Amino acid sequence: MAIDAAARRGDFPILSRRVHDAPLVYLDSAASAQKPERVLAAVDAFYRGHYANVHRGAHTLSAEATAHYEAARVRVARFLNAPSERSVVFVRNATEGINLVAHAWGRQALHAGDEIVLTVAEHHANLVPWHLLAAERGAVIRGVPLGSDQRVDMEALAAAIGPRTKLVATFHLSNVLGVVNPVARIAELAHAVGALFLVDGAQAAPHLPIDVQALGADAYVFSGHKVGAPSGIGALWVREPLLRDWPPFLGGGEMIRTVEVDRSTYADIPMRFEAGTPAIAEAVGLHAALDYLDDLGLAAIWDHDRALARYAIGRLRALDGVTLYGPEGDDRGGIVPFNVADVHPHDVASALDARGVAVRAGHHCAQPLMRALGVRSTVRASFWLHTTRADIDLLVEAIEEVRDFFGAVA
Amino acid sequence: MAIDAAARRGDFPILSRRVHDAPLVYLDSAASAQKPERVLAAVDAFYRGHYANVHRGAHTLSAEATAHYEAARVRVARFLNAPSERSVVFVRNATEGINLVAHAWGRQALHAGDEIVLTVAEHHANLVPWHLLAAERGAVIRGVPLGSDQRVDMEALAAAIGPRTKLVATFHLSNVLGVVNPVARIAELAHAVGALFLVDGAQAAPHLPIDVQALGADAYVFSGHKVGAPSGIGALWVREPLLRDWPPFLGGGEMIRTVEVDRSTYADIPMRFEAGTPAIAEAVGLHAALDYLDDLGLAAIWDHDRALARYAIGRLRALDGVTLYGPEGDDRGGIVPFNVADVHPHDVASALDARGVAVRAGHHCAQPLMRALGVRSTVRASFWLHTTRADIDLLVEAIEEVRDFFGAVA
Amino acid sequence: MGFLDQIYRDAVLEHARSPRNRGALDPYSVKQEGINPSCGDELVLYLLVRDGVVEDARFAGHGCAISQASASMMTQAVKGRAIAEVETLIAHFKAMIHGKGADPSLGDLVVLEGISKLHARVKCATLAWVTLDAALAAEAAGQRAGQVSVDEGSDGSA
Amino acid sequence: MGFLDQIYRDAVLEHARSPRNRGALDPYSVKQEGINPSCGDELVLYLLVRDGVVEDARFAGHGCAISQASASMMTQAVKGRAIAEVETLIAHFKAMIHGKGADPSLGDLVVLEGISKLHARVKCATLAWVTLDAALAAEAAGQRAGQVSVDEGSDGSA
Ligand SMILES: Cc1ncc(COP(=O)(O)O)c(C=O)c1O
Ligand SMILES: Cc1ncc(COP(=O)(O)O)c(C=O)c1O
C-alpha cells in the first residue's frame with residue numbers, strides 16, 4: 001500500500017496549526033517528528049489507567065505498568081528484527097545509546113593505540129562520545145572522507161580499517177545527505193578484523209525497514225522522538241552474547257542483584273543497563289508509534305520518502321541560485337539540504353518560517369561534514385509520511401520569494 | 001491553607017479506577033506519584049500545539065519548544081531556590097543525576113585512598129554509583145550506621161568524616177524510614193573538611209519545601225515522576241562555580257562548541273551536560289507539576305504528610321502482630337514501613353491489592369538498610385497530598401483481614 | 001476475598017505452612033542458589049543426581065507463601081524422575097505460570113495456576129523452577145554450585 | 001511578508017549588505033572571538049581601547065544578515081565611547097532584544113528591536129554584543145585575546 005500523505009496529515013494534531021497566519025508546513029521531521037494522535041492517546045490512557053513504577057510493586061497497577069513497559073521492549077525487538085528483547089535497552093535517545101556503548105564496552109575494551117573508524121558524515125552524537133573515550137583510553141580516531149559522489153568513500157573506509165581497529169561506528173541514513181550507508185558491506189569489513197560494529201539508526205528508524213541481523217550490526221541505536229514517539233526515550237540493541245559480558249554503566253536501583261553499603265553485584269541483561277525509574281510512559285508511547293509505522297509499512301514509507309526526494313530535488317534544481325547537497329539515486333531519502341546564493345541559511349529559514357514553512361538551518365550537528373562540503377551551514381528540508389508534494393511546492397514558492405526579498409546579502 | 005486531600009483526589013484521573021472490583025487506594029506514592037490532570041493536559045497541549053526539537057531550529061515551533069523547555073529550567077531553579085537556572089541540568093531521574101556527579105566530578109576529583117561517606121539508609125541510587133566510582137578510582141567507602149532511634153547516627157557520621165573525605169552523599173527524606181535527615185548540619189560537617197556534599201532529594205521533592213542554599217548542598221537531585229510529572233525527567237542542581245569546572249559526561253549534539261572528526265570542544269553550562277535531544281515534553285510536564293505543588297504549598301503538603309503519618313502509626317500500632325519501623329517525631333513524613341507477624345511482605349501486599357489497596361513490598365532499593373533493621377523486606381505504605389484518613393482506615397481494615405486469611409505462614 | 005482464594009488455594013497455604021523437603025541435603029551433586037533481586041528473597045536448592053535421575057531434592061532459604069509452596073511442591077514432583085522428564089516438567093510449569101494453560105503431567109502443581117493471573121507474583125512462583133533449571137545446567141557442566149537470578153532466562157514475560 | 005519586514009527593516013538589510021567597520025584592526029588592544037555553537041557562525045571583534053575609551057572597533061567573521069547588521073551597527077555605536085557608556089549600551093541592547101523595550105540611548109539600534117519577536121534569531125542579534133562584553137572583560141583583565149560562546153552569560157531567555 002502506498003502512503004496517502006494527505007490523509008496521514010489528519011493523524012497529526014499539530015499539523016492543523018497556523019504559523020504567522022499561514023498553515024504550518026512542517027519540513028523538519030529529521031530534527032524531530034511530530035506525534036500521531038494514536039501515540040498521544042496511548043500515553044494519556046496509560047497515565048489515566050495503568051501508571052505506576054515498574055518491576056517493583058506487588059500491586060495491580062505496578063504489574064500492569066510493568067507488562068506495558070516490557071511489551072514495549074518486545075515491540076522494539078520486533079521492529080529491529082532482533083532475535084530477542086533481552087538485549088534491548090531503553091535509553092533517553094540515540095545519543096545516550098552510543099554513550100552507553102562507549103562506557104560499558106569501550107572503557108574496558110579499548111587500549112592505547114587501538115583505533116576507532118568513523119566517517120566525516122557522522123552526527124555529533126556518533127563523534128563526541130568517541131572523542132571522550134579516545135582521550136581517556138589513548139585510542140586513535142580515523143576519519144573516513146566522502147567520495148566525489150558525496151557518499152562515504154568505501155575504498156578509504158576499507159583502507160582505514162586495519163588490525164588495530166576495535167570499533168567501526170557509522171550512520172544508517174545520513175541526517176544531512178539523506179543517503180543510506182551500505183551498512184551490511186561495512187559490517188563485513190569491520191568483522192573481518194574483529195572490530196565491534198555500531199550503527200547509528202537515528203534517521204533510518206523513521207524511514208526504512210530495519211533488520212539488525214541482515215545488516216550485521218553488533219549494536220544499533222535509535223531515538224523515539226524521531227519515530228513519532230514521545231521525547232525522552234530511545235533504544236539500544238546489542239548482540240546478546242556481547243551485551244551479556246559488558247559491565248554496568250549507570251548504577252542505581254533495578255540494575256542490581258545484591259547491594260551492601262560499600263559494594264554491589266549486578267543484574268543480568270537488560271536490567272543491568274537500566275538504572276533507576278525508566279521512561280515508562282514514553283516506552284508505552286514508543287510502542288504505539290512503532291505500531292503506527294508498521295501498520296503503514298516501513299517499505300511504503302521509504303518509497304514515499306524517496307519519491308518526495310526526487311520531486312523536491314527536481315524542483316529545487318530548477319531554481320536559479322539554489323545549490324543542493326547530497327547524492328541522487330535509489331539510496332536517497334527525503335532529507336534535502338540546500339543553500340540560496342548570497343543569503344545566509346538562517347535568514348532563509350526565517351523567511352520560510354514567515355510563510356509557515358518550518359525548515360532547519362545550521363550545521364545539523366555535523367560540523368565535520370559541513371567542512372567536507374565546503375560550507376559553514378545549510379538549510380535543510382526533511383520529509384516524513386505526512387509530507388505531500390503540495391508541501392514541497394509551497395517550499396519552492398517560498399524560496400523564490402526569499403531571493404526577491406533579500407536580493408544580494410552576503 | 002491546609003490540604004483538602006479528599007478534594008485533591010479529583011485532580012488525579014487514575015484515582016477513580018477500580019482494582020479487583022474495589023476502588024483504588026493508592027499508597028505507593030513513594031515509588032512513583034500519580035499525575036494530576038493539569039500535568040497531563042500541559043503535556044498534551046504542548047504536543048498538539050508547540051512541539052519541535054529545541055535549541056536547533058530557526059522556525060516558530062522550535063523557538064516555542066525551546067522557550068517552554070528553558071522556562072521549565074527556570075521553574076526548577078525557583079522550586080529549589082537555586083540562585084540561577086544555569087546550573088540546573090535535566091536528567092532522566094535522580095539516579096542519572098547522581099551518576100552524572102560520579103562521572104563528571106568523581107572521575108577527575110577522586111584519587112586512591114580518598115573517602116566517600118554514605119549512610120546505611122541510602123537508596124541504591126545513592127550507593128551503586130559510588131561503588132562503581134570507588135572501584136575505578138581506588139577510593140574507600142565509609143558507611144554510617146543508624147543510631148538506636150533509627151535516625152542517622154550523627155556522632156558516627158561526624159567521626160566518619162575526616163581529612164580524606166572527598167564526598168558526603170546522603171538522602172534528604174528517607175524512602176523507607178520516612179524521616180528527614182538533618183541536612184544543613186551534615187553540610188557543615190562535610191564543608192569543614194572541604195568535601196563535596198550531595199543531597200538525594202528524590203523523596204523530599206514531593207513532600208517538603210526545598211531551599212538548596214539554606215541546606216548548604218553542593219549538589220541536589222530529584223525525579224520528576226515522584227512529584228507528579230511524567231516519567232523520564234529529573235533534575236540535578238550543582239552550585240554554579242563547581243559545575244562550571246566539571247568536564248562533560250555524555251557526549252553528543254547540543255553539548256559542543258566545535259567538533260572535528262577526531263576532537264571537540266564543549267559548551268558552557270548547562271548545555272555541556274545535556275547531550276542529544278532532551279526529554280522536552282517531560283520538562284514541560286515537570287513545570288506543570290511544580291506549579292501544581294507550589295500552588296498547594298509544600299509547607300502545607302508537609303504538614304498533611306506528617307499528620308497522616310501520625311494517624312497511620314497510631315492506628316497500626318494498635319494492631320496485634322504488626323511491627324513498625326522508622327522514628328517518630330516532627331521530622332517524620334508519610335512513609336510507613338511495617339511487617340505483619342508470620343506473613344511475608346509480598347503476601348501481605350497481594351492480599352491488600354485484592355482489596356484495592358496498593359502498597360509496596362520488598363527491600364525498597366535499600367538492602368543495607370534492611371540489614372540494619374534486621375529484616376529481609378517490609379511492606380511500605382506511602383502517602384501524598386491526595387491521601388485521606390479514610391484511605392488509612394481501609395489499609396488498617398485490610399491488614400486485619402490479612403491476618404485472618406493467612407493465619408500463621410512462616 | 002474471592003480473588004485471593006484463587007491464588008492462595010488451600011493446598012498452596014498448606015504447603016507454605018508445612019513445606020516438604022526443607023533443609024540441606026548431604027551428600028548432594030549440586031547446590032544452586034536462586035535469588036529474586038526485586039524482593040531479595042533467596043532459595044537454596046540441593047539436588048542429588050545419579051545416572052540421569054534426580055534421586056533427591058531439598059531446599060532452604062526465605063520467601064513468601066507462593067515461593068515456598070512452589071518450591072515444596074516442585075521438590076516433591078521431581079524426586080525420582082529422569083532429568084529429561086524434569087526438563088519437560090519445567091517447561092510445562094513455566095508455560096502454565098505464564099498463562100498458557102496447564103499440561104496434565106503437572107499433576108498437583110495445577111493448584112498454582114491461579115498465580116498466572118497475578119503478574120506481580122509470577123516471579124515468586126518461578127523462583128524455584130528457574131533455580132532448578134540452572135541447577136541441572138550446572139550439574140550437566142560438572143559444577144557443584146552456582147547462583148542464578150529469577151530475572152535471567154526471561155521469556156519476554158518479565 | 002509583512003512579518004519579515006518588521007524584522008529585516010531596510011536599515012538592517014542595508015547594514016547587512018554593506019557592513020561598516022569590517023576587517024581586522026591593527027594595532028588593537030583586544031581581539032575577541034565569538035561563536036554561536038548552534039549554527040557555527042563566528043565573529044571576530046577587534047577593539048582599540050585607550051584611556052578608558054573605545055577608540056576603534058572592527059569585526060570580521062561570518063554570519064547571517066541579522067548578526068552582520070547587528071555587528072556593523074554596534075561597532076558604529078561604540079566608537080569613541082567611554083567603557084562605562086559602552087557597558088550601559090550593552091545592557092540596554094540586551095534588554096531590548098529580550099523584549100524589555102528600547103532605551104532612547106540606543107539610537108539607530110532600535111531598528112533591531114523587531115528581532116525580539118523572533119526568538120529563534122535573538123542569539124544572532126546578540127552574538128556581537130556578547131562578544132563585546134567578553135572583549136571588555138578580557139581587556140580589563142589585561143588579556144589580548146579570548147573566545148566566547150553566545151550561550152554563555154545566558155539570562156534565562158536562552
Ligand atoms: C531516596 C531515593 N533516592 C533515589 C531514588 C531513585 O529515584 P529514580 O528511580 O527516580 O532515579 C528513589 C526512588 O526510588 C528514592 O526514594
Ligand atoms: C544521524 C543521527 N544520529 C544521532 C542523532 C542524535 O539523536 P538524539 O538527539 O535523539 O540523541 C541524530 C538526531 O539529531 C541523527 O540525525
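Since we're looking at a predicted model, the values are computed, not measured. The chains referred to below are lettered A, B, ... by the order of the sequence lines, with proteins before strands, and numbering in each begins at 1.
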(request) Would you give the length of the straight line joining atom NE2 of B/His50 to atom OG1 of B/Thr60, rounded to the nearest 0.5 angstrom? (result) 11.5 Å

(message) Is it the case that the ring center of B/Phe273 lies less than 6.0 angstrom away from the ring center of B/Phe90?
(response) no

(request) For the residue pair A/His55 and A/Thr66, confirm or rule out a side-chain donor-acceptor distance under 3.5 Å. (result) no

(message) Could you measure the distance from the CZ atom of B/Arg272 to the CE atom of B/Met255? Nearest 0.5 Å is fine.
(response) 8.5 Å

(request) Return yes if some donor-acceptor pair links the side-chain N/O of A/Lys35 with the main-chain N/O of A/Ala229 below 3.5 Å, else return no. (result) yes

(request) Using non-hydrogen atoms and a 4.5 Å limit, figure out which bit of A/Ala134 sits close to chain B: side chain, backbone, both or neither. (result) neither

(message) Just by distance, no angles: are the side chains of B/Thr265 and B/Thr258 close enough, under 3.5 Å, to form a donor-acceptor pair?
(response) yes

(message) Which one wins on heavy-atom pair count under 4.5 Å against chain B: A/Thr277, A/Ile280, A/Ile256?
(response) A/Thr277

(request) Just give me the residue among A/His123, A/Glu96, A/Lys226, A/Glu254 that pairs up with chain B most often, heavy atom to heavy atom, under 4.5 Å. (result) A/Glu96

(message) Counting heavy-atom pairs closer than 4.5 Å to chain A, which one of B/Arg380, B/Glu122, B/Glu260 comes out on top?
(response) B/Glu260

(request) Sort A/Arg107 into side chain, backbone, both or neither according to what part of it lies under 4.5 angstrom from a heavy atom of chain B. (result) side chain

(message) Is A/Ile233 in contact with chain B via its backbone, its side chain, both, or neither, using a 4.5 Å heavy-atom distance?
(response) neither

(message) Quick check on the interface: out of B/Gly253, B/Pro247, B/Gly49, who has the most heavy-atom pairs with chain A under 4.5 Å?
(response) B/Gly49

(request) Look at A/Ala135, A/Ser231, A/Pro368, A/Ser223 and state which one has the largest set of heavy-atom pairs under 4.5 Å with chain B. (result) A/Ser231

(request) Taking the six-membered ring for Trp and the full ring for Phe, Tyr or His, determine whether the centres of B/His124 and B/His363 are under 6.0 Å apart. (result) yes

(message) In the structure I gave you, are the side-chain heavy atoms of B/Leu27 and B/Leu395 within less than 4.5 Å of one another anywhere?
(response) yes

(request) Identify which part of A/Leu61 has an atom lying under 4.5 Å from any heavy atom of chain B, answering side chain, backbone, both or neither. (result) side chain

(request) Give, as side chain, backbone, both or neither, the part of B/Pro278 having an atom under 4.5 angstrom from any heavy atom of chain A. (result) backbone

(message) If we ignore hydrogens and angles and just use 3.5 Å, is the side chain of B/His68 paired with the main-chain N or O of B/Glu64 as donor and acceptor?
(response) yes

(request) Could you check which of A/Ala366, A/Ala358, A/Cys365, A/Ser16 has the highest count of heavy-atom pairs closer than 4.5 Å to chain B? (result) A/Ala358

(message) For A/Val259, which atoms come within 4.5 Å of any heavy atom of chain B: side chain, backbone, both, or neither?
(response) both

(request) Please flag which part of B/Leu24 lies under 4.5 Å from any non-hydrogen atom of chain A: side chain, backbone, both or neither. (result) side chain

(message) Distance check, rounded to the nearest 0.5 Å: B/His346 atom NE2 versus B/Ser377 atom OG?
(response) 6.5 Å

(request) Specify which of B/Asn93, B/Val261, B/Val120 makes the most heavy-atom pairs with chain A at under 4.5 Å. (result) B/Val261

(request) Against chain B, label A/Ala33 side chain, backbone, both or neither, depending on which of its atoms sit under 4.5 Å from a heavy atom there. (result) backbone

(request) Could you tell me which of B/Gly232, B/Pro230, B/Gly252 has the largest number of non-hydrogen atom pairs under 4.5 Å with chain A? (result) B/Gly252

(message) If I measure from the heavy atoms of chain B, does A/Arg142 come under 4.5 Å with its side chain, its backbone, both, or neither?
(response) neither

(message) Which atoms of B/Ala275 are under 4.5 Å from chain A, going by heavy atoms: the side chain, the backbone, both sets, or neither?
(response) both

(message) For A/Phe12, which atoms come within 4.5 Å of any heavy atom of chain B: side chain, backbone, both, or neither?
(response) neither

(message) How long is the straight-line distance from CD of A/Gln34 back to CZ of B/Arg48, given to the nearest 0.5 Å?
(response) 12.0 Å

(message) Quick check on the interface: out of A/Leu15, A/Val357, A/Leu250, who has the most heavy-atom pairs with chain B under 4.5 Å?
(response) A/Leu250

(message) Is A/Glu37 close to chain B through its backbone or its side chain, or both, or neither, when contacts mean heavy atoms under 4.5 Å?
(response) side chain

(request) Take B/Asp200 and B/Val221, measure what side-chain contact (heavy atoms from CB on, under 4.5 Å) needs, and give me the verdict at the end. (result) CA-CA 5 Å; B/Asp200 170 4; B/Val221 296; 4.2 Å; yes

(request) Rounded to the nearest 0.5 Å, what's the gap from CG on A/Leu286 to OH on A/Tyr69? Could you check? (result) 10.5 Å

(message) Counting only non-hydrogen atoms closer than 4.5 Å, can you tell me which residues of residues 125-132 of chain B sit against chain A?
(response) B/Ala125, B/Leu127, B/Val128, B/Pro129, B/His131, B/Leu132

(request) Look at the rings of B/Phe249 and A/Phe249 and say which category their plane angle falls in: under 30° parallel, 30 to 60° tilted, over 60° perpendicular. (result) tilted

(request) State, to 0.1 Å, how close A/Leu146 and A/Ala121 come at their nearest heavy-atom pair, and which atoms those are. (result) CD2-CB, 4.2 Å

(request) Keeping the roles fixed (side chain from B/Ser382, backbone from B/Ser29), state whether a donor-acceptor pair exists under 3.5 Å. (result) yes

(message) Please identify, among B/Ile14, B/Val19, B/Ile141, the residue contributing the most non-hydrogen atom pairs under 4.5 Å to chain A.
(response) B/Ile14

(request) Look at the side chain of A/Gln108 and the backbone N and O of A/Ala104, then say whether any donor-acceptor pair between them is shorter than 3.5 Å. (result) yes

(request) Sort A/His364 into side chain, backbone, both or neither according to what part of it lies under 4.5 angstrom from a heavy atom of chain B. (result) neither

(request) Measure distances from B/Arg17 to the heavy atoms of chain A and classify the residue's part below 4.5 Å as side chain, backbone, both or neither. (result) side chain

(message) Working to the nearest 0.5 angstrom, can you tell me the gap between A/His225 NE2 and A/Arg92 CZ?
(response) 11.0 Å

(request) Name the member of A/Gly143, A/Ser264, A/Pro13, A/Ala349 that forms the most heavy-atom pairs with chain B at distances under 4.5 Å. (result) A/Ser264

(request) Measure across A/Gly228 and A/Pro36 and return the closest heavy-atom pair with its distance rounded to 0.1 Å. (result) O-CD, 3.5 Å

(request) Would you mind checking which part of B/Arg371 comes under 4.5 Å of any heavy atom in chain A, side chain (CB onward), backbone (N, CA, C, O), both or neither? (result) side chain

